[in-house]
There are 2 protein chains.
Amino acid sequence: MPISTKSRPGKTRPSKDTYHHGNLRQVLIDTTLQLIAKIRPENVTVRAVAKLAGVSSGAPFRHFPNRSALMTAVAEEAMLRLQEEVASSLKKAADKNPLMRFRAIGEAWIRWAVRNPSHFKVISDRSLLDSDASAAWRKRSQAIQAEGIRLLGEAQEQGLLPGVEIRYFHLAGRALVYGLARMYSDGHFASFGLDESRVDQIGESVLDAFFRVPVRPTKNHVGKPKDH
Amino acid sequence: MPISTKSRPGKTRPSKDTYHHGNLRQVLIDTTLQLIAKIRPENVTVRAVAKLAGVSSGAPFRHFPNRSALMTAVAEEAMLRLQEEVASSLKKAADKNPLMRFRAIGEAWIRWAVRNPSHFKVISDRSLLDSDASAAWRKRSQAIQAEGIRLLGEAQEQGLLPGVEIRYFHLAGRALVYGLARMYSDGHFASFGLDESRVDQIGESVLDAFFRVPVRPTKNHVGKPKDH
DNA sequence: CGGATAAAGTAAGCACCGCTTACATATGGA
DNA sequence: TCCATATGTAAGCGGTGCTTACTTTATCCG
């Protein structure tokens with residue numbers, strides 16, 4: 001079980017002693033996440049969210065103009081967490097070369113997608129979201145992109161990427177990481193003979209392949225079975 | 001406009017002069033594709049398909065047990081086309097080395113996804129499909145996988161992939177291509193500053209980056225504006 | 001304070017959805 | 001020829017997103 005269901009940014013006091021809820025907006029967001037952890041996000045209904053939150057089926061529409069807006073609010077939280085994960089990953093890799101720090105972004109991406117499957121689902125399936133999403137959403141997403149491109153520029157200056165167009169190398173990295181996370185999320189792993197519980201190690205190996213890190217002969221591929 | 005809407009495998013004679021339709025099953029599949037070309041597949045309703053095909057809203061359920069089964073039938077056609085595209089791509093690359101033939105599979109994948117967006121959409125969003133899809137579907141998919149791994153094995157024997165684990169190199173290639181196609185399909189290109197009409201050339205450049213093909217100095221990046 | 005006003009809840013209902021049931025019609029084999 | 005079967009229709013069930021009309025509560029200002 002991911003920790004997604006625990007509320008975070010808001011206080012989430014679902015005390016419904018009074019007629020007015022007090023903090024229904026945040027409670028609805030958290031409740032939606034709770035449901036996405038159990039059933040596919042496209043099957044989450046506003047009515048079910050309202051019921052679980054203990055309000056009438058019309059109440060959510062006082063806080064969100066429509067279902068997509070609710071999902072978009074969830075996506076905003078998701079993107080915030082991704083940005084945090086990326087920042088923490090970059091801090092850990094501060095001493096490494098720019099190419100490896102670029103890789104650290106990819107690792108953070110995969111780690112985030114795996115540990116927050118509910119968040120990832122709602123972000124990756126944009127049909128659930130408002131057509132032009134929120135400004136905050138776009139900003140965070142683009143900040144991560146910009147950092148990646150900056151790092152690749154540094155790498156090229158240091159001669160780490162001879163003859164490579166960084167614009168497309170960046171896009172390739174993004175597509176790689178996004179594609180892998182989505183394959184995991186969509187349950188494609190089984191048809192590739194992959195063990196879902198080893199997704200972290202698989203992610204590392206895939207990045208090794210992308211960055212052409214030579215196979216380490218004594219690499220321990222056992223790994224812990226699961227931690228949840 | 002993609003050619004997806006043109007019927008192919010069936011004769012598709014939607015003549016509804018008689019009470020009985022004659023070939024409703026195939027007509028429904030083609031009609032579904034027509035609709036997916038216009039609206040998101042998750043918004044395609046059975047009722048709308050039935051109406052467009054000129055039958056009652058209950059008629060489709062004589063041919064498909066549920067909506068997912070209809071979508072799965074569309075996906076089967078899609079996978080058939082993908083396999084054809086891969087086969088043709090491999091035939092053209094017959095004289096090249098195994099690594100470049102592996103790349104040719106990826107090129108076919110992207111080309112297929114771009115030219116048959118309706119098909120791609122229905123295949124990539126597995127939540128629309130029956131949980132365990134069809135046997136034919138899985139078989140075709142796995143045949144393509146097997147060919148890719150075989151080619152990488154050959155490449156390694158010829159020393160073209162020193163120190164790379166082919167299992168993960170294969171997975172990386174698949175994730176790369178799938179991720180790029182999905183980014184295109186989901187409209188992520190705009191937020192990456194990419195021109196959707198140049199997707200073919202972008203795909204080539206991304207594969208260049210993945211395979212570390214050096215930048216060709218005189219590469220003409222102008223290209224035609226659009227052909228549709 | 002206290003009362004107007006706005007915010008935020010409820011209940012009921014609309015059109016549409018996937019899917020089922022009961023019935024009507026056509027087809028093809030004995 | 002006749003009837004079993006395949007395949008269409010019409011009507012309807014429960015569930016959906018969302019709206020409307022109404023009710024209750026919080027807030028703010030004279």
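Reminder, nothing fancy here: chain letters follow the sequence lines and each chain counts from 1. Predicted model, so just to flag it, every value in this text is computed and none were measured.
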Spacing of [X] atom [atom1] relative to [N] atom [atom2], expressed in whole Å:
X: B/Asn23; N: D/dT7; atom1: CG; atom2: P; value: 11 Å
X: B/Leu70; N: C/dC19; atom1: CG; atom2: C1'; value: 14 Å
X: A/Asn43; N: D/dG15; atom1: CG; atom2: C1'; value: 13 Å
X: A/Glu42; N: C/dC17; atom1: CD; atom2: P; value: 18 Å
X: B/Ile39; N: C/dC16; atom1: CD1; atom2: C1'; value: 13 Å
X: A/Lys51; N: C/dT10; atom1: NZ; atom2: P; value: 14 Å
X: B/Phe64; N: D/dG8; atom1: CZ; atom2: P; value: 11 Å
X: B/Met71; N: C/dG18; atom1: CE; atom2: C1'; value: 12 Å

Open item on the list: Which nucleotide wins on minimum distance to the side chain of B/Phe61, given the candidates C/dG18, C/dT10, D/dC18?
Closed with: C/dG18

Task: Listed nucleotide nearest any side-chain atom of A/Thr45, set C/dG9, D/dG17, C/dC17 - done: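 When the side chain of A/Thr45 is considered, D/dG17 is the closest of C/dG9, D/dG17, C/dC17.
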
Task: Earlier contact from the 5' end, DNA chain C, for A/Leu24 and B/Asn66 - done: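 By nearest-heavy-atom nucleotide position, the 5'-most residue is A/Leu24.
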
Which residues pass the ring-ring contact (aromatic ring centres under 6.0 Å, His included) test with [X], not counting sequence neighbours?
X: A/His63; result: none
X: A/Phe102; result: none
X: A/Phe189; result: A/Tyr184
X: B/Trp112; result: B/Trp109, B/Phe120

Open item on the list: Listing request: all side chain to side chain donor-acceptor pair (under 3.5 Å) pairs with a residue in residues 41-58 of chain A, at least two apart in sequence or in separate chains.
Closed with: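 The answer is A/Glu42-B/Ser127.
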
Open item on the list: Pick the closest DNA chain D nucleotide for A/Val46 and for B/Ala59 by heavy atoms, then say which residue is nearer the 5' end.
Closed with: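 With A/Val46 and B/Ala59 compared, the 5'-side residue is B/Ala59.
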
Task: Which residue lies more 5' along DNA chain D, comparing A/Arg62 with A/Val44 via nearest heavy atoms - done: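 First, find each residue's nearest nucleotide; the 5'-ward one identifies A/Val44.
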
- [ ] Report yes or no: do B/Gln26 and B/Asp30 form a side-chain donor-acceptor pair below 3.5 Å?
- [x] yes

TODO: Starting at CD of B/Glu147, measure out to CZ of B/Arg150 and round the result to the nearest 0.5 Å.
DONE: 4.5 Å

Please list, for nucleotides 11-14 of chain C, all pairs of protein and nucleotide N/O atoms separated by less than 3.5 Å.
none

- [ ] Would you indicate, yes or no, if D/dG8 has its OP1 or OP2 atom less than 4.0 angstrom from a side-chain nitrogen or oxygen of B/His63?
- [x] yes

